[in-house]
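One structure is given below, encoded as structure tokens.
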Amino acid sequence: MSARYSIFSLIRNALAYHEDWPAAWRSPEPKPAYDVVIVGGGGHGLATAYYLAKELGVRNVALIERGWLGGGNTGRNTTIVRSNYLWDESAALYEHSMKLWEGLSQDLNYNVMFSQRGVLSLAHNQHDLRAQSRQSNANRLGGIDSELLTPAQIKAFVPIMDLRAGGRYPVLGGALQRRGGTARHDAVAWGYARAADALGVDIIQESPVTGFRIDNGRVQGVETAKGFIQADKVGIVVAGHSGVMADLAGFRLPVTSQPLQALVSEPIKPVLDTVIMSGAVHAYISQSDKGELVIGAGADRYVGYGQRGSMQVSEDTLGAICELFPSFRRLRMMRQWGGIVDICPDASPIIGKTPVEGMFINCGWGTGGFKATPGSGWVFAQTIAHDRPHDLNAAFSLDRFRTGYIIDEHGAAGVAH
Amino acid sequence: MSQRYRLPDGGRIDRTAPLNFRFNGTALRGYVGDTLASALLSNGIHLVGRSFKYHRPRGIFSAGAEEPNALVQLGTGARSDPNMHATQVELIEGLKARSQNCWPSVDFDISAINDRLSRFMPSGFYYKTFMWPAAFWMRYEYIIRHAAGLGTAPTGRDPDYNDKTFAHCDVLVVGAGPAGLAAALSAARTGARVILVEQDAEVGGALLGLAGEKIGGKPALDWVAAARAELVESADVRILTRTTAYGYFDHNFVGLLERLTDHIVDPPAHLPRHRLWKVRAKQVVLATGAIERPLVFRDNDRPGIMLAGACQTYLNRYAVKAGQKAVLFANNDGAYATANDLAAAGVKIAAIVDTRPNPEGPHSERAESAGLPVLAGHAIVGTTGDKRVRQVRIARLNDDGSAITGEAQEVDCDLLAVSGGWNPAVHLLSQARGKIRFDEERGTFVPMQTEQATHVAGACNGSFGLASCLTEGFATGETAAKAAGLSSKSRRKKTPAASNETFLPARWTWLVPSETPLGRGGKHFVDLQSDVTAADLKLAIREGYRSIEHVKRYTTTGMGTDQGKTGNVNAIGIIADTLDRPIAEVGVTTFRPPYTPVTFGAFAGRDVDDLLDPIRKTPMHGWHERAGALFEDVGQWRRPWYYPRAGEDLHKAVAREVAAVRTSLGVVDASTLGKIDIRGKDAATFLNRIYTNAWSKLEIGKCRYGLMLGENGMVMDDGVTARLGEYQFLMTTTTGNAAAVLQHMEEFLQTEWTDLDVQLTSVTEQFATISLAGPNARRLLSEMTHDIELSPNALPHMAFTEGTVASVPARVFRISFTGEMSYEINVPASYGMAVWQAVLTAGERYDITPYGTEAMHVLRAEKGYIIVGQETDGSVTPVDLGMDWVVSKKKDFVGRRSLARPDMLKPDRKQLVGLLTDDPQVVLPEGAQLVERALPNPPMPMIGYVTSSYGSPNLGRSIALALVKGGLARKGETIFAPLADGRVVPCTMTDPVFLDPEGERLRG
Ligand SMILES: Cc1cc2nc3c(=O)[nH]c(=O)nc-3n(C[C@H](O)[C@H](O)[C@H](O)COP(=O)(O)OP(=O)(O)OC[C@H]3O[C@@H](n4cnc5c(N)ncnc54)[C@H](O)[C@@H]3O)c2cc1C
């Protein structure tokens, strides 16, 4: 059992030279059978396991991770959190997530550094302005905070930004969600892992799932590097590798897997106190607590599983950053990397049942699922436990591509993260 | 006291060229050829900065790119650079540098209190606290953020500019040490096109820092000079110094950053500051050398503690003694070379502390015969000295090196040179997905396998001796050239002789024991920049963060600006020992680009300001500018938005422009619409499949409106396409979608319908399009042509003809987006301006009025015409738009099956309606949401939203278009728009066509 974290436990342990801290989670060998096996130890998988145990009393759960917890997109993303989505279905889901974020550090007893410093997306043309007006009105009537800012208000909010953007695509306005912000990605994975482990969930790392045993259309368990593990129910939450898993289970998914890259500058003293997004010139930027500028770039145009982004995408993104922030031109890129994002045709996730009985899937979060981590885990746990989707994720079924109930999130906003 | 640590002679500095510079405000002197670090050391300055977390005093640790400590802020204001490695900054006259991350000064830094409190700040402490009260996190975070960060961002727009360029070569050699020079030479001798890249200001690599090395019996640097001269002479060789290969991408694509002016006081204007090279190399030779590894012992971070090889470099290359009284601490033979060189230069060697019980090897033997004091089987177990190391504690190691035995002795010193072995710089190899393995004998990771067309030579390959560097270099260069397709006519020369001493033998020590248990006294730093200690690594593992990536992220080891170049392998060794697993199993963390930091501005290059993205302008753009038009960006195009006259705002100008079109004559520049020429025997079949409606029967000379769907059945584009001939059509697309439409069609042709004989050509920019609209359109046009019959019978609505307009060959389409009689005149782009001028001059008698996009939008909205992207958003079907009339029931087309999906047929989908506010004066904001009933507070269910909304001068009231759930069947009903300002506007749903529903005006 893990000790509670607090300033007092920190002081107490400091006096013992930090030699008595317990492990944040056990690293057990898998048992032969579980009620539920979750495949994928990213934030979404870990959150699913946690909420299964905490909210639904399902504690005989194993989470199986191919490599190390959070090593997928969870540990690679630019951590923008917001809930001001366009469609009612998405807004409800992301707002549910936002509410969970707002108490997450306390709930997990692990500081995930959820920093509500505001997310400002910029409008650079008449089309952007119209789209923002539509979205902001929808958010307002849907009960989600949203403000439209004039250029003068933006200048006051982010004085170092060049609203002329070099004269090419001037900033004409912006939509601000003050409750939006960033969080510490690793802490989210670790916090969920520790809390889930404390409730009895077995976390198995370095053990890829290599196949599924399926009898009469019903899942029996998973084949892993550590042997076969029997399971009544299996939840697949593997982001970029969802297509691979579906293939092993014998069904198809309408997702493409593409590399998406991000990069950081060297650490500098605070210069940017909010999150800036621009769909039109394609740049996303915030400053981490360590001082690095964290910059999200675009996806490579081709399908691939190499976790690195190509150079021309960094050129485009940094070009845009240099326009919005001409004083950043002399700063330097310290590290660049990529993750594999699973993109659905409508840029919305799939959370629900699969053609295999007892097998559930949660994928398709693409370039923007970090913000949904708590909500996604929460609804997926409900879906697995009750064998049917929760109201919040009912619309996000795999079936929607057959029925045509698509929830197209790239249309109006054109903003990915 | 000036430069009292400078030797009287020697070194590669130019003593005839002294330089003045300032560090933290103090005036100092150095020479041309110095780095900032060597100049500081020559003045006896070691303390240059404060560490990231504990604000401990830190000095110069290395002599190169691997520097973790000596980061400085250069310059001021807009031309200021944070986090620069003092070890790489070339000294120039007037240089101003200051310490970072300290206040009020590097000597007295308030935040040094963190060091006292460090006990409460182990790795990851922030995950365990700052959670109460919950609302306070933003305040805690404020303090944390301000404590973090290193240097500061410049305060204004960068006054310098950068450039980018492409290059191709047969062989790219990275690193111009002996191996790289040899590789470049042998590749060049085959006639290969070679690029040789060196991050330093001069070629020579490690040889620059060594004394007494010989190649072919002569001083090694003579060989370097000759090699360089030969390469400079070779026609197809390019040597790039001050250039770092920072990233190795797929398909042998390598990114280089060249620094052209940082070392010049007043650079000429034609030189960019940095240049980003994008090199596609047939073959790459990595000769990137090796980086020395420090030892992890108690309080190993004080100023005056530096890598042994760096001491040697400062001595030999810069003629600087890093101290007067040195202690050397090493686990290998190579480090003794430093002691020998220091002693020869008159530095007192107080002790050579060697963890090896029986020091062996040529350098050790030389030291011994010189009588230097060697303490074998000993270790340093602690240091003292606040801003400069003052004393070290030395104790004997037990047999397996895991603990100390006996009493420690104290030795005074002002310099502690350390060496824990050498790590090949395998960063680029790993970026290129090459594999490395842990080599027990050499105690480090060495290349194992390459994945691309990559070759490795010299120290980077784990071949540390000079002779093997040369042999491998010459061999590799030739192999690479051969692999690049050069038939090896290499004017082969004999590889010159050299010594082959390495730093081996060695005894591998990852964590040096000390007198107290780890974590209970002093700090054993693993990552100097991030302030990560061995105790932190062990804490992480104790807490379950066992994967190397978890340890890295939990402790932040290796995550500083140096990316762990000196610290990582030690960290891996300590982790492996703690986990009791072999190092090979623990593995390394991913090597990510860049090798060293790369300027953002270099990635932008010259694509800044107006050049960020091309601005597309029509041939008539100059006229619009002179006419005072305001512009809007539509995709890359810049289109006239409206043409205000004196005193007019958008509203007034648009009202005037709109009225002119309806009453007399307007003209709009429609050149931006996409134009795609479609030819081939199967052109009509192709259009049948691409568009929702049928095309086979369209007569030559006729036009038809078409709707294009994506595979998901949603509207993707629309436009008019004309049949120019049996096998030729001209398609128009919306301005913003032209490229996407061409791509969409090409994709189908190239992947699905490869049997069709169809060719697509974009001709958007080949034509200028002048669109006349209004009751006087025909009259004007008839005055400007003598060979086009314009009567309604000869050229009815939706017909096309060719002839001359204003004596220029023209294609004339009678089509309309305004609901007025309208002619689109296409002339070759080069005549666009002339014809436009002619039209405006001839049109004066009709009071011809140029109108912009805004008026165009109003005009088409009055007619209920949609704009793709405004009335549609990727989720709207033709049925939703009430446009089933354009969807064929008889044939197949892209998107058809999707339209049959159950959710696409639901009656409560959002559908296009007209919307009239009950108060005709109220103009709804576009994007307003619509509700059945306004509730006092959100949330309230929304049933649709306003897509377009204008004041219509022709109708004398506001009009709007909206997408509303089930709207097609609800015309006449009232719904509400609750606005942001609190107003709730009642409005009635209507037909979207507000004007001339019969279309008499446009047919006239
Ligand atoms: C560069 C980048 C920037 C981004 N920026 C943002 C942002 O700013 N805001 C935002 O909201 N979202 C962002 N995203 C998206 C976000 O990161 C993801 O949507 C989200 O983290 C997905 O979480 P996950 O837990 O589903 O996936 P992951 O974290 O990828 O977890 C999936 C896990 O499954 C494991 N796995 C795969 N195959 C197997 C197998 N066979 N057996 C066992 N385990 C397996 C993987 O190892 C991995 O750990 C970004 C993504 C990237 C790549």
Side-chain angles (χ1 to χ4, degrees), chain A residues 5 7 10 14 17-18 21 23-25 68 71 105-106 110-111 115 125-126 130 133-134 137-138 140-143 166-169 186-187 266-271 289-291 310-311 314-315 318-319 322-323 326-337 345 403-405 408 411-412, chain B residues 81-83 119-120 122 127-131 134 141 144-145 148-154 156-158 249 255 519-520 539 543-544 547 549-550 553 561 592-593 597-601 603-604 607-610 612-613 632-633 873-875 901-904 926-929 938-940 942 945:
Chain A
Y5 291 159
I7 183 74
L10 187 65
Y17 305 99
H18 301 291
W21 286 110
W25 53 80
W68 38 284
S105 293
Q106 288 69 30
Y110 201 105
N111 191 350
S115 168
N125 54 44
Q126 301 298 320
R130 255 192 309 270
S133 160
R134 172 185 175 195
N137 276 308
R140 187 172 47 79
L141 297 187
R168 183 62 186 97
Y169 291 119
D186 292 329
E266 298 179 300
I268 45 169
K269 293 290 173 194
V271 279
D289 286 351
K290 256 185 93 179
S310 51
M311 176 162 160
S314 353
E315 291 181 74
L318 287 171
C322 288
E323 286 321 299
S327 58
F328 290 174
R329 287 183 192 171
R330 294 179 87 89
L331 297 180
R332 302 190 294 174
M333 172 170 97
M334 177 171 86
R335 197 164 55 237
Q336 180 231 8
W337 65 91
T403 68
Y405 195 97
D408 196 332
Chain B
D81 300 294
N83 308 337
R119 189 170 198 180
F120 303 102
Y127 298 132
K128 295 175 175 148
T129 180
F130 302 125
M131 286 181 279
E141 189 188 42
I144 292 172
R145 288 188 68 201
L150 290 167
T152 54
R157 175 177 290 263
D158 184 4
F249 303 91
R520 294 193 175 210
L539 172 65
E543 293 198 74
S547 139
E549 291 281 357
H550 277 167
R553 286 158 179 257
T561 63
R592 297 203 164 111
V598 182
T599 326
F600 282 0
F603 283 99
D607 304 339
V608 292
D609 302 330
D610 272 5
L612 171 65
D613 202 22
E632 74 162 323
D633 286 314
D873 62 359
S875 71
R901 294 180 294 184
D903 271 300
M904 309 287 260
E926 288 173 347
Q929 294 285 333
M940 53 188 108
M942 289 160 268
Y945 72 100

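Labels below follow one simple rule: chain letters A, B, ... track the order of the sequence lines, proteins then strands, and each chain is numbered from 1.
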Looking only at atom types and distance, does a side-chain atom of A/Lys269 sit under 3.5 Å from a main-chain N or O of B/Ala148, one as donor and one as acceptor?
yes

(message) Within the structure provided, determine whether A/Asp289 and B/Arg145 are in side-chain contact (heavy-atom separation under 4.5 Å).
(response) yes

d(A/Ile268 CD1, B/Asn83 CG) to nearest 0.5 Å is 8.0 Å

Does a sphere of radius 6.0 Å around OH in A/Tyr169 hold more than 12 heavy atoms from other residues, nucleotides or ligands, not counting ones at 6.0 Å or beyond? yes

Heavy-atom closest pair (B/Pro938 atom, A/Gly143 atom, distance to 0.1 Å) is CB-N, 3.8 Å

Checked A/Asn137, A/Leu141, A/Leu318, A/Leu10 vs chain B; the most non-hydrogen pairs under 4.5 Å come from A/Leu141

Backbone N or O of A/Ser327 within a donor-acceptor pair of the B/Arg157 side chain at under 3.5 Å? no

Residue from B/Ile144, B/Thr561, B/Asp607 scoring the most non-hydrogen pairs under 4.5 Å with chain A is B/Thr561

Quick check: does any side chain N or O of A/Asn111 sit under 3.5 Å from a backbone N or O of B/Thr129, one acting as donor and the other as acceptor? yes

Residues A/Gly142 and B/Met942: closest non-hydrogen pair is N-CE, 3.8 Å

Assert top hit (heavy-atom pairs under 4.5 Å, partner chain A, pool B/Pro122, B/Ser875, B/Pro82) equals B/Pro122

| query | Does A/Arg330 reach the side chain of B/Phe600, with side-chain heavy atoms less than 4.5 Å apart? | reply | no

Assert top hit (heavy-atom pairs under 4.5 Å, partner chain B, pool A/Gly319, A/Cys322, A/Ala138) equals A/Ala138

Turns out that what part of A/Pro345 lies under 4.5 Å from chain B's heavy atoms comes down to neither

Looking only at heavy atoms, the pair that brings B/Arg592 and A/Arg335 closest together is CB-CG, 4.0 Å

Distance col, row B/Phe130:CZ vs A/Ile7:CD1, nearest 0.5 angstrom, shows 7.0 Å

- Message: Walk me through whether A/Tyr17 and B/Arg520 qualify under side-chain hydrogen bond (donor to acceptor under 3.5 Å, both in side chains).
- Response: CA-CA 6 Å; A/Tyr17 305 99; B/Arg520 294 193 175 210; 5.1 Å; no

Note, B/Pro154 side chain near A/Leu331 side chain (heavy atom, < 4.5 Å) = yes

Honestly, the part of A/Glu323 sitting under 4.5 Å from a heavy atom of chain B is side chain

I want to know whether B/Tyr127 and A/Tyr110 have ring centres closer than 6.0 Å. yes

- Is a side-chain donor or acceptor of A/Asp186 paired with a backbone partner of B/Arg553 at a separation under 3.5 angstrom? no

Review point. Run the side-chain contact (heavy atoms from CB on, under 4.5 Å) check on A/Arg134 and B/Asp873 step by step: do they pass?
Key: CA-CA 12 Å; A/Arg134 172 185 175 195; B/Asp873 62 359; 2.8 Å; yes

Here the gap from A/Arg329 atom CZ to B/Phe603 atom CZ, rounded to the nearest 0.5 Å, amounts to 15.0 Å

Heaviest contributor of heavy-atom pairs below 4.5 Å to chain B, chosen from A/Gly291, A/Pro267, A/Ala187, is A/Pro267

The interface call for B/Phe120 against chain A, heavy-atom contacts under 4.5 Å, is both

Subject >> SB check A/Arg332 B/Asp81 (cutoff 4.0 Å) >> reply: no

In terms of heavy-atom pairs under 4.5 Å with chain A, the winner among B/Glu549, B/His550, B/Glu926 is B/His550

Thinking salt bridges, do A/Arg168 and B/Asp610 make one under a 4.0 Å N-O criterion? no

Task: Side-chain touch A/Tyr405/B/Met904, heavy atoms, less than 4.5 angstrom - done: no

All heavy atoms of A/Ser133 vs all of B/Ala928, minimum pair found to be OG-N, 4.4 Å

Heavy atoms of B/Met131 and A/Ser105 approach each other most closely as SD-O, 3.5 Å

The interface call for B/Leu539 against chain A, heavy-atom contacts under 4.5 Å, is side chain

Heavy-atom nearest pair, A/Val271 first then B/Ala153, reads CG1-CB, 3.7 Å

